[in-house]
Amino acid sequence: MHVPDSAASSRYHELDSLRGVAAFTVLVFHFAMIFPIIAADTTARSNMLWLNIFKYSPLRILFAGSEAVLLFFVLSGFVLSLQFKPGRSVRYPTFIIRRICRIYLPYVAAVALAFTLHSVIRHVTIVGLSSEVSSVWTTPITWRTIISHIIFIVGNVNWNASEGVIWSLIFEMRISVIFPLVMLMVNRLRWQISLSIGVLLYVFAFLQNIVFGNDIATDPYYTIFTTHNQYLDTCIYLLCFILGAILAKHITEISRFYHGLTSTGKILIVGLTILGFTYGYLWPLNTHHRITQRSITYLFNTTGASLAIILALASSRFSRFLMTKPIVFLGKISYSLYLCHFIVLIGSIYLLYKILPIWAILSIAFVLSFALATFAYHFVERPSITLGKRLTKPKNNVVPARVSY
């Protein structure tokens with residue numbers, strides 16, 4: 001059974017690596033989705049058997065990008081909850097300042113880079129690639145666009161003017177603001193009650209999509225829900241954070257249960273993890289009930305994400321894989337890789353589309369994504385984390401007021 005480095009740090013390094021694997025999955029997803037044949041529903045095309053086997057089977061886990069974002073959310077709930085364990089205390093200003101420095105400052109740097117490239121690089125007409133490319137950087141940058149990105153947690157943001165991955169950060173920061181209240185609930189109530197509250201909030205948000213006529217969406221695979229009301233949609237993703245916090249609270253008992261399983265039982269858990277992640281791709285979405293199907297898919301995906309965390313901490317084999325040097329490095333740069341890869345991909349295509357074949361462009365973009373992510377990690381992400389610690393460091397001889405949870 002894995003234990004954190006120390007009682008003080010309560011840090012699970014396997015989860016950093018798991019986040020890196022998820023970030024890499026998002027990268028592969030975006031690189032693949034630029035091809036219309038990958039982005040389109042090809043289930044009815046009998047001449048694409050091998051492609052469909054890859055797209056609509058458990059093999060989809062290799063580029064299940066939207067599902068990987070749900071894993072990010074569950075991971076955030078798990079990791080953030082560690083500092084709110086019973087017996088420990090944290091000041092809300094300390095928590096929120098560090099969260100802003102950790103998430104928001106690198107986000108601002110990434111958006112600034114996207115806006116700069118958007119302004120400098122000439123938009124060219126792309127033939128043969130999906131709207132994943134052609135719809136990006138087509139919106140003029142105005143002061144309203146810039147301001148909406150700065151205050152992104154209090155409004156709707158047109159991320160096609162910057163980059164497609166920032167939608168998840170809106171919910172990440174918005175939920176971070178109220179996360180201490182989530183932990184107040186998780187720490188004081190039984191897990192069954194906390195989970196039920198999360199599910200009820202999810203059902204409430206799901207029903208509003210039906211009430212407001214959002215049951216038919218234009219893109220059946222890229223998103224899980226529409227964005228009629230992003231504030232209510234926050235309740236959808238809040239369930240992930242609640243579930244992550246519950247897992248952290250009971251990880252010792254869960255790990256003990258896992259170790260008590262037979263080999264067959266452990267293999268079954270692995271299978272359920274993969275099926276949970278790929279559930280939404282095992283059959284085509286019904287044209288008239290996409291939101292209904294997505295609501296069920298979301299629950300399966302979140303279950304798969306939770307099981308992946310359990311395997312990362314309880315399975316010795318998976319843990320050893322996650323602690324190999326390449327995966328550990330991937331975990332370190334995961335947030336920067338998540339922020340940078342889409343900018344590099346779009347910029348490379350617009351710059352090189354009429355010069356190089358697409359396979360060469362993707363190869364260059366792949367290498368540059370890791371290079372830029374490594375640079376951003378060392379010169380943006382780490383300094384931002386350090387700044388957050390300095391801003392919240394207690395002054396000498398002063399005992400800060402604390403609020404216990």
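- When atom types are taken as modelled, the side chain of N52 and the backbone of T42 share a donor-acceptor pair closer than 3.5 angstrom.
- A side-chain N or O of Y338 and one of S168 form a donor-acceptor pair less than 3.5 Å apart.
- Closest approach of P106 to C101, counting heavy atoms only: CD-O, 3.3 Å.
- In terms of heavy atoms, A161 sits closest to T139 at CB-CB, 4.2 Å.
- The aromatic ring centroids of F366 and F370 lie less than 6.0 Å from each other.
- Applying the salt bridge (Lys or Arg N to Asp or Glu O under 4.0 Å) test to every pair with at least one member in residues 364-385, sequence neighbours left out, gives these pairs: R102-E381.
- Residues I166 and F152 are not in side-chain contact: their nearest non-hydrogen atoms beyond the backbone lie 4.5 Å or more apart.
- In this structure the side chain of I37 reaches within 4.5 angstrom of the side chain of M48, judged on heavy atoms.
- Taking the six-membered ring where the residue is Trp, F95 and F179 present parallel rings, their angle staying beneath 30° rather than reaching 60°.
- Formation of a donor-acceptor pair under 3.5 Å by the W137 side chain with backbone atoms of S162 is found in this model.
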Q: For side chain to side chain contact (heavy atoms under 4.5 Å, CB included), just list the numbers for L195 and L239, CA-CA rounded to whole Å, side-chain angles, deciding distance to a tenth of an Å, and then say yes or no.
A: CA-CA 8 Å; L195 183 60; L239 176 58; 4.1 Å; yes
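- The salt bridge (Lys or Arg N to Asp or Glu O under 4.0 Å) analysis of residues 347-356, with sequence neighbours excluded, yields no pairs.
- When atom types are taken as modelled, the side chain of T302 and the backbone of L299 share no donor-acceptor pair closer than 3.5 angstrom.
- We find the SG-CD1 distance between C235 and I197 to be 12.5 Å, quoted to the nearest 0.5 Å.
- Counting only distance, with no hydrogens or angles, the side chain of N301 and the backbone of T278 share no donor-acceptor pair below 3.5 Å.
- Remark: side-chain polar atoms of Y104 are paired, donor with acceptor, to backbone N or O of I150 under 3.5 angstrom.
- Counting heavy atoms of neighbouring residues, nucleotides and ligands inside a 6.0 Å radius, atom NZ of K249 exceeds 12 of them.
- Ring geometry for W167 versus F171: interplanar angle over 60°, hence perpendicular rather than tilted (30 to 60°).
- No side-chain donor-acceptor contact under 3.5 Å links Y56 to the backbone of G280.
- A donor-acceptor pair under 3.5 Å is formed between the side chain of S81 and the backbone N or O of F78.
- With a 4.5 Å cut-off on side-chain heavy atoms, E163 and I346 do not count as touching.
- Between the side chain of K55 and the backbone N or O of R60, no donor-acceptor pair lies under 3.5 Å.
- Looking only at distances, no side-chain donor or acceptor of R19 sits under 3.5 Å from a matching main-chain atom of G331.
- Looking at residues two or more places apart in sequence or on another chain, you find no ring-ring contact (aromatic ring centres under 6.0 Å, His included) involving Y335.
- Note: Y237 and Y202 fail the aromatic proximity criterion, with ring centroids not under 6.0 Å apart.
- Side chain to side chain, T142 and T145 meet the donor-acceptor criterion of an N or O pair below 3.5 Å.
- Taking both residues in full, the closest heavy atoms of I242 and S194 are given as CG2-O, 3.7 Å, listed atom of the first, atom of the second, then distance.
- In this structure, S336 contributes its side chain and I333 its backbone to no donor-acceptor pair below 3.5 Å.
- Annotation: side chain of V74 is in contact with side chain of I309 (closest heavy-atom distance under 4.5 Å).
- For the pair Y107 and H149, the tightest heavy-atom approach, listed with the atom from each and the gap, is OH-O, 2.5 Å.
- You'll find the side chain of M173 stays beyond 4.5 Å of the side chain of L169, heavy atoms only.
- Across all their heavy atoms, L356 and I361 have their closest contact at O-CD1, 3.5 Å.
- In this structure, F29 has its ring center at least 6.0 angstrom away from the ring center of F63.
- You'll find the side chain of I254 stays beyond 4.5 Å of the side chain of L313, heavy atoms only.
- Between I141 and S119, the closest side-chain pair of non-hydrogen atoms falls below 4.5 Å.
- Heavy-atom minimum distance, Y298 versus C240: OH-SG, 3.3 Å.
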